[in-house]
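In each ligand, atom 1 is the first atom listed, and ligand 1 is the first ligand listed.
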Amino acid sequence: MTQALKGIRILDFTHVQSGPTCTQLLAWFGADVIKVERPGVGDITRGQLMDVPNADALYFTMLNHNKRSITLDTKNKTGKDVLERLIKNCDVLVENFGPGVLDRMGFTWEKIQTLNPRMIVASIKGFGPGPYEDCKVYENVAQCTGGAASTTGFRDGLPLVTGAQIGDSGTGLHLALGIVTALFQRTATGKGQMVTCAMQDGVLNLCRVKLRDQQRLAHGPLREYSQFGEGIEFGEAVPRAGNDSGGGQPGRILKCKGWEKDPDAYIYFITQAPVWEKICDIIGEPTWKTDPNYAKPPARLPRLNEIFSRIEQWTMTKTKFEAMDILNEFDIPCGPILSMKELAEDKSLRKSGTVVEVDHPARGKYLSVGNPIKMSDSPTEVKRSPLLGEHTDEILMQVLGYSSAEVAGIKASGATEAPSRKPA
Ligand code: COA
């Protein structure tokens with residue numbers, strides 16, 4: 001079986017997390033992703049948070065599967081010539097350098113278009129046009145400036161960043177969609193185009209419901225927020241709402257049996273209106289089915305703390321998995337809080353390829369998250385990340401058509417290898 005992006009070649013100039021997430025997805029869909037790395041150094045994540053001596057860190061291996069690596073000094077004259085040839089031979093250039101880096105390298109959009117008018121140039125930056133466009137940005141900066149931090153956490157606590165990497169991986173996902181859309185448009189126009197996604201914009205897109213709430217505030221209090229039931233006035237901006245559900249169905253994280261010792265013995269419980277009567281029966285409050293203070297959703301909104309406390313009395317008598325089994329039988333939406341350990345050991349996630357074991361020559365076996373997007377006609381086989389410069393010769397000769405004598409010349413110029421240390 002072939003893969004959806006087979007035949008598409010990506011010049012992968014990405015580093016750290018946001019860009020590599022994007023190109024890894026494209027590789028999983030079958031694109032030939034050529035990662036260009038600085039000789040001797042490579043992507044900085046190869047050496048960040050190292051756990052096994054002399055082996056690429058998990059930070060790198062888990063974001064760079066199914067790619068090939070070429071080392072190239074793009075500030076070296078011969079290196080620039082090789083890069084020009086790569087641009088001519090690839091469909092898409094993806095980069096997430098700091099603002100202005102590509103231009104300073106001498107590869108402006110105009111120059112790239114001259115070299116290859118069909119090329120799609122896809123970029124991630126921290127901010128779009130505006131006062132911060134020249135700023136360098138990492139994950140948490142994007143979460144803070146994109147509306148996630150101001151709306152995450154508890155009302156009376158600090159703004160919080162989330163564990164989900166919505167700034168980096170979230171923007172990588174957005175960019176991947178932009179790239180395949182541009183590839184699709186190219187089939188009609190024959191032309192490449194620029195695709196950009198700012199991390200602030202990507203995060204804000206994921207916080208869309210909070211901008212919804214910001215506008216609803218002008219028309220009265222947000223009645224589904226716990227603070228409404230607690231009689232606390234709303235300010236001018238959307239407050240942090242703890243674990244209140246972001247939709248119209250109130251929800252909370254509730255303690256389950258064992259919570260005193262297990263930090264993850266909790267369940268998310270949603271009081272979806274159509275199953276309210278079943279909830280009342282399960283928790284042992286059958287009179288709430290008809291009591292006007294509880295029977296209808298609007299009546300319940302000012303009483304959410306009381307209602308969830310009562311439900312929690314019930315969930316505390318069950319483990320999170322027992323509660324899940326019982327509630328699911330009645331179609332009551334809920335979800336146990338699963339730890340990373342539980343997810344790593346989950347048999348069905350292994351079976352579906354969402355959690356995969358990968359073998360790496362330097363570090364041995366490790367776990368990774370596989371392709372979360374499953375396609376019936378484009379299967380994903382997760383292959384280990386490349387060693388630094390592992391495919392330099394192969395790419396120079398097979399992709400770019402250099403002869404072995406020319407490759408020797410390129411190497412002698414210092415374009416592909418870090419200057420070797422003089423013996424002491
Ligand atoms: N050969 C020679 N030089 C290379 C090279 C290569 N193969 N690859 C990169 N470089 C050089 C660049 O030319 C640049 O040099 P210059 O500043 O003299 O022009 C230099 O490496 C640094 O690049 P930069 O991207 O600015 O790296 P940084 O480590 O200073 O900053 C980020 C890192 C992530 C903050 C920055 O890249 C950024 O803001 N990116 C956009 C937003 C983003 O994606 N952030 C999240 C990352 S997960």
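Heavy-atom proximity to atom 38 (C) of ligand 1, evaluated over Gly98, Ala198, Pro39, is greatest for Gly98. Residue Lys136 holds the heavy atom nearest to atom 28 (P) of ligand 1 of all those in Met199, Lys136, Gln165, Lys80. Nearest to atom 14 (C) of ligand 1 by heavy-atom distance, out of Leu102, Val101, Asp134, is Val101. Of all the listed residues (Asp168, Asn76, Val16), Asp168 holds the heavy atom that lies closest to atom 46 (C) of ligand 1. Considering Ile124, Thr171, Thr45, Thr74 only, the shortest heavy-atom separation from atom 3 (N) of ligand 1 involves Thr74.
Under the 4.0 Å distance rule, the nearest protein heavy atom to atom 22 (C) of ligand 1 falls outside the cut-off.
Here's the thing with Lys125: none of its N/O atoms is less than 3.5 angstrom from an N/O atom of ligand 1.
Taking the six-membered ring where tryptophan is involved, the planes of Phe234 and Tyr225 are perpendicular, since the angle between them exceeds 60° and thus also 30°. Using bins of under 30°, 30° to 60° and over 60° for the plane-to-plane angle, the ring pair Tyr132/Phe127 lands in the tilted bin.
The shortest contact between atom 18 (O) of ligand 1 and any protein heavy atom is with Lys75 NZ, 2.8 Å. Among all protein heavy atoms, the one lying closest to atom 19 (O) of ligand 1 is Arg104 NE, 2.9 Å. Here the heavy atom of the protein found nearest to atom 8 (N) of ligand 1 is Phe97 CE2, 3.8 Å. At the shortest separation from atom 45 (N) of ligand 1 among protein heavy atoms lies Val137 O, 2.6 Å. Protein heavy atom closest to atom 34 (C) of ligand 1, with residue, atom name and distance, is Tyr138 CE2, 3.7 Å. Ranking the protein heavy atoms by distance from atom 27 (O) of ligand 1 puts His15 CE1, 3.7 Å first. Counting protein heavy atoms only, atom 40 (N) of ligand 1 is closest to Asn96 O, 2.9 Å. Looking only at protein heavy atoms, the nearest one to atom 20 (C) of ligand 1 is Arg38 NH2, 4.1 Å.
Taking every heavy atom of both residues into account, Arg240 and Thr152 meet most closely at CD-O, 2.8 Å.
Near Leu72, meaning under 4.0 Å from any of its heavy atoms, are these atoms of ligand 1: 1 (N), 6 (C), 7 (N). Set against the non-hydrogen atoms of Met105, the atoms of ligand 1 under 4.0 Å away are 13 (O). Heavy-atom proximity to Asp73, at under 4.0 Å, picks out these atoms of ligand 1: 1 (N), 2 (C). Atoms of ligand 1 lying under 4.0 Å from at least one heavy atom of Gln17, given by number and element, are 48 (S).
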- Message: Determine whether Thr71 and Glu417 satisfy the following criterion, side-chain hydrogen bond (donor to acceptor under 3.5 Å, both in side chains), listing intermediate values before the conclusion.
- Response: CA-CA 7 Å; Thr71 45; Glu417 271 154 47; over 6 Å; no
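The main-chain N or O of Thr14 is found under 3.5 Å from a side-chain atom of Lys35 such that the two form a donor-acceptor pair. Although no hydrogens or angles enter the test, the distance criterion places a donor-acceptor pair under 3.5 Å between the side chain of Gln143 and the main chain of Thr162.
Surrounding CG of Leu343 are more than 12 heavy atoms belonging to other residues, nucleotides or ligands, all under 6.0 Å away. Counting non-hydrogen atoms of other residues, nucleotides and ligands closer than 6.0 Å to CG of Asn54 gives a total of 12 or fewer. Few gaps surround CD on Glu110; more than 12 heavy atoms of other groups in view lie less than 6.0 Å from it.
Between the side chains of Lys374 and Thr354, at least one donor N or O lies within less than 3.5 Å of an accepting N or O.
Under a 4.0 Å heavy-atom criterion, Ser18 is in contact with ligand 1.
A cation-pi arrangement is not found for Arg104 relative to Phe97, the charged atom failing to lie both closer than 6.0 Å to the ring centre and inside a 45° cone about the ring normal.
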Listed pairs under 3.5 Å, donor-acceptor, residues 246-258 side chains, sequence neighbours left out:
unit_1, atom_1, unit_2, atom_2, d
Gln249, OE1, Ala273, N, 3.1
Arg252, NE, Ser226, OG, 3.4
Arg252, NE, Asp244, OD1, 3.2
Arg252, NH1, Asn305, OD1, 3.2
Arg252, NH2, Ser226, OG, 2.7
Arg252, NH2, Asn305, OD1, 2.9

